[in-house]
Asker: 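Take a look at the following structure, please.
Values below: all heavy atoms of this structure, side chains included; hydrogens, waters and symmetry mates excluded. So that the names make sense, note that chain A is the first sequence line, chain B the second, and so on, each numbered from 1. This structure is a prediction, so every number in the text was calculated from the model and none was measured.
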There are 2 protein chains.
Amino acid sequence: MTPAPDDAASARRGKADVVDAAMAVLDEHGIAGLSMRRIADALDLQVSALYWHFPNKQALLAAVSARIVDGADAVRSDDLAAVAAALRDRLLAHRDGAEIVSSSLALGLLDLPARAHLVDAARRAGLADAAAGVAADTLVHFVIGFTFHEQQRLHAAVVGAAAPVADLSPASADASPADDFAAGVELIVAGIRTAARA
Amino acid sequence: MTPAPDDAASARRGKADVVDAAMAVLDEHGIAGLSMRRIADALDLQVSALYWHFPNKQALLAAVSARIVDGADAVRSDDLAAVAAALRDRLLAHRDGAEIVSSSLALGLLDLPARAHLVDAARRAGLADAAAGVAADTLVHFVIGFTFHEQQRLHAAVVGAAAPVADLSPASADASPADDFAAGVELIVAGIRTAARA
DNA sequence: ACCTGAACACCGTTCAAGT
DNA sequence: ACCTGAACACCGTTCAAGT
């Protein structure tokens with residue numbers, strides 16, 4: 001099926017190989033160090049070769065984003081909080097995952113499977129179609145915003161600046177990021193249940 | 001009080017002038033076009049002069065962010081939805097406002113006055129301190145995430161790409177961004193009222 | 001179909017030196 | 001106290017040309 005490959009070193013690459021390399025660079029250098037030149041180096045290619053596989057960097061980043069948020073084991077459940085937590089886990093699995101996904105999503109270059117799952121769950125909870133969409137978007141915005149913030153702080157802590165809290169306030173001596181995340185999700189889910197009762 | 005200025009063209013600048021120029025560049029060229037060189041040009045200065053006023057670009061961006069979200073007319077109200085709407089209005093008042101604020105906030109370089117107002121309002125609604133913090137953060141993440149997405153789409157529409165909807169789904173023929181925003185906020189506020197009753 | 005090599009028009013940041 | 005001029009080490013993108 002696949003054409004016979006050359007030596008491992010000189011084999012020609014496909015889109016998937018480029019995305020593989022990009023994710024490796026992302027995990028090691030973060031989004032600030034994710035340059036086209038660095039990706040090309042990881043593949044032993046010239047930068048210009050990347051533009052045969054992708055029209056521009058944003059398109060490559062969108063493909064990376066899709067890899068971050070997809071996965072056959074995606075949680076499809078009636079439990080809204082569980083779907084939200086699974087999305088957060090996927091974002092946390094790669095350095096700056098939330099930031100990369102946030103921008104691809106905002107640019108309209110990414111379809112979020114988790115959003116569809118959230119819409120389904122909200123509908124089954126008793127919401128009409130439009131309201132289920134609003135509920136899903138509200139949860140998605142919270143998950144991405146919270147995790148974005150959490151990951152920045154995480155890296156800042158590694159570099160040696162602020163304490164690794166995901167809280168938005170300067171000083172805070174309370175729960176862990178995971179607890180704060182769960183509490184925020186619970187707040188939104190409670191609002192959804194209220195709307196379902198109306 | 002202020003030292004006597006030279007000619008208008010050759011006067012020496014302060015931090016405030018640099019921020020003024022940066023905001024003008026931001027509104028005209030967006031965050032992608034907000035370069036140190038462009039800001040220096042607007043001030044008739046060399047790029048290197050900016051580094052006398054600010055240690056680096058992030059610090060300058062944080063000062064711009066502070067200008068976007070501050071203001072003496074800040075809404076201090078018991079109405080959580082009103083405070084959230086006022087924050088959105090401030091972000092919408094400048095091109096890519098949500099994105100710039102989001103990153104300054106994540107880097108821990110920005111204090112959000114609206115967050116304190118939200119905490120107060122949540123406390124007065126009956127939440128304990130820790131829960132009020134979670135409630136405020138949840139609202140802030142939603143406001144910034146929603147508005148970020150809304151502004152990207154807005155600009156994409158100007159450039160001529162997708163339709164100007166703030167919805168996260170590919171296709172959607174429902175309400176306006178303002179209505180979707182209000183609906184999302186209402187969902188969270190309903191959750192907060194539920195938590196206050198517990 | 002996939003890649004090289006070289007160029008273009010930019011970036012943020014540093015630093016000695018000027019006034 | 002505030003700014004210039006020049007440099008350093010990078011960027012994303014394009015394009016003719018090769019195999």
Side-chain angles (χ1 to χ4, degrees), chain A residues 1-22 25-26 28-65 96 99-100 103-104 107 109 159, chain B residues 1-22 25-26 28-65 96 99-100 103-104 107 109 159:
Chain A
M1 298 286 172
T2 38
D6 284 347
D7 298 341
S10 64
R12 259 146 149 101
R13 334 285 175 148
K15 282 166 102 92
D17 301 289
V18 176
V19 176
D20 285 345
V25 173
L26 175 66
E28 194 177 357
H29 298 99
I31 200 173
L34 184 58
S35 70
M36 297 297 271
R37 272 167 237 262
R38 204 107 69 160
I39 296 164
D41 279 358
L43 289 162
D44 267 310
L45 287 179
Q46 300 293 318
V47 216
S48 48
L50 300 180
Y51 289 83
W52 193 91
H53 296 282
F54 292 94
N56 51 52
K57 192 184 181 181
Q58 278 297 351
L60 207 180
L61 259 42
V64 169
S65 300
D96 296 328
E99 185 171 0
I100 250 195
S103 107
S104 296
L107 288 169
L109 300 174
V159 168
Chain B
M1 300 286 173
T2 38
D6 284 349
D7 299 344
S10 65
R12 257 145 148 102
R13 333 284 174 149
K15 282 167 102 92
D17 300 289
V18 176
V19 176
D20 284 344
V25 173
L26 175 66
E28 194 176 358
H29 299 98
I31 200 174
L34 184 58
S35 72
M36 297 298 271
R37 274 167 236 259
R38 203 111 68 162
I39 296 164
D41 278 358
L43 289 163
D44 268 309
L45 288 179
Q46 300 293 318
V47 218
S48 48
L50 299 180
Y51 289 83
W52 192 90
H53 297 283
F54 293 94
N56 51 52
K57 192 184 180 182
Q58 278 297 352
L60 208 181
L61 259 42
V64 169
S65 299
D96 296 328
E99 185 171 359
I100 249 194
S103 108
S104 295
L107 288 167
L109 300 174
V159 169

Asker: Got a sec, which residues hit side-chain contact (heavy atoms from CB on, under 4.5 Å) with B:Leu109, two or more places apart in sequence or on another chain?
Answerer: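 Partners of B:Leu109 by the side-chain contact (heavy atoms from CB on, under 4.5 Å) criterion, ordered by chain and then number, come out as B:Gln58, B:Ala62, B:Leu107.
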
Asker: From the set C:dT13, D:dC3, C:dC3, return the single nucleotide nearest to any side-chain atom of B:Arg37.
Answerer: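 In terms of side-chain proximity for B:Arg37, the closest of C:dT13, D:dC3, C:dC3 is C:dT13.
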
Asker: In residues 45-52 of chain A, what donor-acceptor pairs under 3.5 Å come from side-chain atoms, sequence neighbours left out?
Answerer:
none

Asker: So how far is it from A:His29 NE2 to A:Ser35 OG, rounded to the nearest 0.5 Å?
Answerer: 9.0 Å

Asker: D:dC3, OP1 or OP2 - any side-chain N/O from B:His53 closer than 4.0 Å?
Answerer: yes

Asker: Using a strict heavy-atom distance below 4.0 Å, which residues from residues 56-65 of chain B are in contact with DNA chain D?
Answerer: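 Per residue number, the list is empty: none.
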
Asker: With the criterion being N/O to N/O and under 3.5 Å, what pairs connect the protein with nucleotides 4-6 of chain D, and how long is each?
Answerer:
| unit_1 | atom_1 | unit_2 | atom_2 | d |
| --- | --- | --- | --- | --- |
| D:dT4 | OP2 | B:Gln46 | N | 2.7 |
| D:dG5 | O6 | B:Ser48 | OG | 2.6 |

Asker: Grab the stems for DNA chain C, please: at least three consecutive Watson-Crick or wobble pairs, both distances below 3.5 Å, written as range with range.
Answerer: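 C:4-8 with D:12-16, C:12-16 with D:4-8 - these are the stems of 3 or more pairs that involve DNA chain C.
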
Asker: List every contact pair, protein side and nucleotides 17-19 of chain C side both N or O, where the distance is under 3.5 Å.
Answerer:
none

Asker: List the atom pairs, with distances to 0.1 Å, where a side-chain N or O of residues 14-21 of chain B and a protein N or O form a donor-acceptor pair under 3.5 Å, not counting sequence neighbours.
Answerer:
| unit_1 | atom_1 | unit_2 | atom_2 | d |
| --- | --- | --- | --- | --- |
| B:Lys15 | NZ | B:His53 | O | 3.2 |
| B:Asp17 | OD2 | B:Gly14 | N | 2.9 |
| B:Asp20 | OD1 | B:Arg67 | NH2 | 2.1 |

Asker: Could you tell me the separation between the CD1 atom of B:Ile31 and the C1' atom of C:dC11, rounded to a whole number of Å?
Answerer: 15 Å

Asker: Would you give the length of the straight line joining atom CG of A:Asp96 to atom CG of A:Leu34, rounded to the nearest 0.5 angstrom?
Answerer: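 Here the interatomic distance stands at 9.0 Å.
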
Asker: To the nearest angstrom, how far is A:Trp52 atom CH2 from D:dT13 atom P?
Answerer: 18 Å

Asker: Could you give the distance from CG (B:Leu26) to CZ (B:Arg38), rounded to the nearest 0.5 Å?
Answerer: 11.5 Å

Asker: Could you tell me which non-hydrogen atom of A:Ala63 sits nearest to which non-hydrogen atom of A:Phe54, and how far apart they are?
Answerer: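 In terms of heavy atoms, the two residues are closest at CB-CE2, 3.9 Å.
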
Asker: Please report the distance, rounded to the nearest Å, between CZ in A:Arg38 and P in D:dG12.
Answerer: 10 Å

Asker: Can you measure B:Tyr51 atom OH to D:dC8 atom P for me and round it to whole angstrom units?
Answerer: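 In whole Å, D:dC8 P lies 17 Å from B:Tyr51 OH.
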
Asker: Assign each of B:Leu34 and A:Gly14 to its nearest nucleotide of DNA chain C by heavy atoms, then name whichever residue's nucleotide is nearer the 5' end.
Answerer: A:Gly14

Asker: Please pick, from C:dA1, D:dG12, D:dC3, the nucleotide with the shortest atom-to-atom distance to any side-chain atom of A:Met36.
Answerer: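 Of the options given, the side chain of A:Met36 lies nearest D:dG12.
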
Asker: Rounded to the nearest angstrom, tell me the gap between atom NZ in B:Lys15 and atom P in D:dA1.
Answerer: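 Checked: the NZ to P distance equals 14 Å.
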
